[in-house]
Amino acid sequence: MSRFYTSCYSFILFAMIHPPVLFVIFEATRVEDDARIDRLVDLASDLRNKITRVEIIYFPGAHLPAGAFAERVRGKKEGPIVRARLVSVEDTKDSGALLAALSEQFRAYPFLPEEEDYYVLLPPGAPILQAVLLRLISSRHLPAKAASVAERPDGPDGRIVELRVLEMSRESDPRVTNSRIREKDEAISFLLGGVSTHSAAYEKVILGVERAALGTGQAILLRGEPGTGRARLARRLFELRRVRLHLRGPFVATSGWNLRGASGMATLVGHGSEGSPPGLLASADSGVLFISDIDRADMEHQAVLLRVLENRLYLPLASGSEKTSSFLLIATSCEDLDTLVGTEQLRADFLAKLKTWSFNLPPLRERLEDLETAFDFILLRVSRRSGRRVRLSSEARESYLAFCRSRKARWTNNFRDLVASAHRLASLPYDEIPLEDVVEEIETLRRTWAADLSPLGHDPLLAFLHPQQIADLDHFDRVQLEEVIAVCRESRSLSEAGRVLFDASRTRRKVTNDADRLRKYLSKFGLDWRDVVGHEDATL
């Protein structure tokens with residue numbers, strides 16, 4: 001055991017808040033000796049340990065020692081409840097088979113980690129089984145602590161049998177370390193929904209979110225533009241916690257817009273009267289409370305949420321006694337929350353609580369390396385729902401992806417735009433989509449984004465020109481000006497925008513003054529750079 005652990009400490013079970021449950025493993029290919037069974041029986045039946053239940057897991061070939069142990073413990077007066085179960089594995093030296101069989105066994109077990117404490121006795125002389133159990137413990141598929149049995153010769157009758165909880169060393173066995181890496185990879189893949197990412201920024205976010213979700217249970221804030229997948233990620237965080245931490249509570253979702261005024265307070269804390277429906281706080285107990293647009297909740301509701309997060313206490317409206325609730329809060333926002341604190345729309349102490357774990361999900365235009373993979377995944381999912389396989393011709397696919405990765409693709413609604421586009425393409429009445437239909441879809445996207453540029457959802461040029469000026473423009477000038485404005489708004493400086501717009505002609509000039517050429521073009525319509533980008537400190 002020394003290669004797995006560097007230290008252990010005697011564990012007095014009666015000092016625990018929750019009643020302890022003991023898992024005893026009998027390995028299949030060896031016969032446990034009588035001395036070990038004697039120690040286990042003494043440990044399980046000793047009243048000072050107060051073990052409430054013993055769960056025996058044994059493999060084919062180990063039924064005799066497992067049965068002997070169970071019979072002797074059951075025969076003890078006031079002993080614990082004993083339950084035994086056989087796990088069928090053809091070869092207990094096959095770590096993969098062991099992992100699959102035990103994972104299935106523990107997945108079906110009704111763990112209640114908030115009510116009971118669980119301990120697993122690692123079987124001596126079975127290194128492969130030990131490594132599998134350690135992997136299940138480290139991944140929280142088995143929410144228990146590893147332990148061993150030891151005896152001291154200084155008891156009243158010359159012997160005291162103790163349970164010792166084992167602390168894992170930093171330099172543990174490579175099999176344990178590798179299993180942790182595999183478990184982390186599995187968790188990341190789960191959070192990504194099985195769609196790999198090539199974006200270093202997004203991978204960093206997912207790594208941080210995984211750590212937060214399985215860590216302390218502090219609030220998680222997901223920031224980013226609409227359509228970046230915040231709600232979907234929150235749902236998968238809940239599922240990951242449910243599997244790994246064996247949580248029983250539900251996923252309860254609402255919007256900050258619903259947490260305003262008297263009706264919002266009733267929704268949050270509930271009325272508390274007999275027969276009245278529970279509030280969000282009661283419903284989310286032991287689970288996840290997801291609040292989108294958290295900045296839209298008013299200050300009074302923020303105060304209630306802060307108190308629950310800090311003390312787990314809240315007061316229903318018609319109740320004279322406080323209630324408790326424990327949940328993970330996952331909130332989203334696309335606003336500059338620090339600015340809202342300055343305008344007294346957001347409590348500073350509540351924001352500080354939210355910022356414990358804060359993650360910014362990058363928009364699709366900053367994750368273009370993931371676009372092709374995401375599009376293929378969405379198109380495949382849509383195809384499966386329609387019962388047929390839809391694909392783009394090679395020419396159509398090349399044209400579509402080239403446009404999607406270009407500056408002309410604005411992705412104002414992020415992945416929602418990509419999903420909508422895939423749905424439109426998949427609805428076409430043939431399995432291989434030709435180039436002409438992709439050209440039409442590209443124009444649909446361009447028209448959608450042109451409308452999104454205007455706050456009114458009308459002609460995008462209305463934000464910059466008088467309606468009469470627009471009416472006097474030729475269609476050629478209108479299309480050209482719209483594109484110039486779009487490039488300017490996506491560029492960091494006048495020079496950068498000029499380089500993009502004059503990318504071909506500038507290579508044939510001896511002197512390239514892209515900024516001056518663009519400035520002169522804009523002036524033809526009475527515009528300058530600051531008018532277009534919309535702020536005074538724009539870089540020229």
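Just so it is clear, the model here is predicted, and its values are computed rather than measured.
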Taking the basic N atoms (NZ, or NE/NH1/NH2) and the acidic carboxylate oxygens, is any pair closer than 4.0 Å for [X] and [Y]?
X      : Y      : answer
Glu441 : Arg446 : no
Glu335 : Arg296 : yes
Lys520 : Asp516 : yes
Lys355 : Asp338 : yes
Arg260 : Glu300 : no
Arg397 : Asp376 : yes
Glu239 : Arg236 : no
Glu322 : Arg307 : yes

Would you name the heavy atoms of [X] and [Y] that are closest together and state the gap between them?
X      : Y      : answer
Arg391 : Leu379 : CA-CD2, 4.4 Å
Leu418 : Leu371 : CD2-O, 4.3 Å
Pro362 : Val205 : CD-CG2, 4.4 Å
Glu366 : Ser199 : O-OG, 4.5 Å
Ala331 : Leu354 : CB-CD2, 4.3 Å
Gln218 : Thr356 : CB-CG2, 3.9 Å

Practice problem: Starting from the C-alpha separation in whole Å, work towards a yes-or-no answer on side chain to side chain contact (heavy atoms under 4.5 Å, CB included) for Leu222 and Val209. | Solution: CA-CA 9 Å; Leu222 302 177; Val209 165; 4.2 Å; yes

Is atom [atom1] of [X] surrounded by more than 12 heavy atoms (other residues, nucleotides or ligands) closer than 6.0 Å?
X      : atom1 : value
Phe476 : CZ    : no
Glu440 : CD    : no
Glu344 : CD    : no

Quiz item: Measuring from Leu518:CG to Glu496:CD, what's the distance to the nearest 0.5 Å?
Solution: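 One gets 11.5 Å once the value is rounded to the nearest 0.5 Å.
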
Quiz item: What is the distance from atom OG of Ser292 to atom CH2 of Trp257, rounded to the nearest 0.5 Å?
Solution: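 Going from the OG atom of Ser292 to the CH2 atom of Trp257 covers 10.5 Å.
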
Does any non-hydrogen side-chain atom of [Y] lie less than 4.5 Å from one of [X]?
X      : Y      : answer
Leu329 : Ile220 : no
Leu380 : Val390 : no
Phe106 : Leu136 : yes
Arg223 : Thr332 : no

Practice problem: Go through Asn258 and Thr267 one step at a time and tell me if the side-chain hydrogen bond (donor to acceptor under 3.5 Å, both in side chains) criterion holds. | Solution: CA-CA 8 Å; Asn258 297 327; Thr267 298; over 6 Å; no

Quiz prompt | Verdict with reasoning, Phe238 to Phe290, per ring-ring contact (aromatic ring centres under 6.0 Å, His included) | solution = CA-CA 10 Å; Phe238 162 72; Phe290 173 66; over 10 Å; no

Practice problem: List the steps, then state whether side chain to side chain contact (heavy atoms under 4.5 Å, CB included) holds for Ser393 with Glu432. | Solution: CA-CA 6 Å; Ser393 70; Glu432 184 170 282; 3.8 Å; yes

Self-check item: Residues Leu527, Leu465; criterion side chain to side chain contact (heavy atoms under 4.5 Å, CB included); working and verdict
Solution: CA-CA 9 Å; Leu527 299 173; Leu465 300 177; 4.1 Å; yes

Exercise. Would you check if the side chain of Asp298 reaches a backbone N or O of His301 as a donor-acceptor pair within less than 3.5 Å?
Key: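 Yes.
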
Quiz item: Given the rule in the side chain to side chain contact (heavy atoms under 4.5 Å, CB included) test, do Met265 and Leu317 qualify, once you have shown the distances and angles that lead to the verdict?
Solution: CA-CA 8 Å; Met265 187 59 71; Leu317 294 179; 3.9 Å; yes

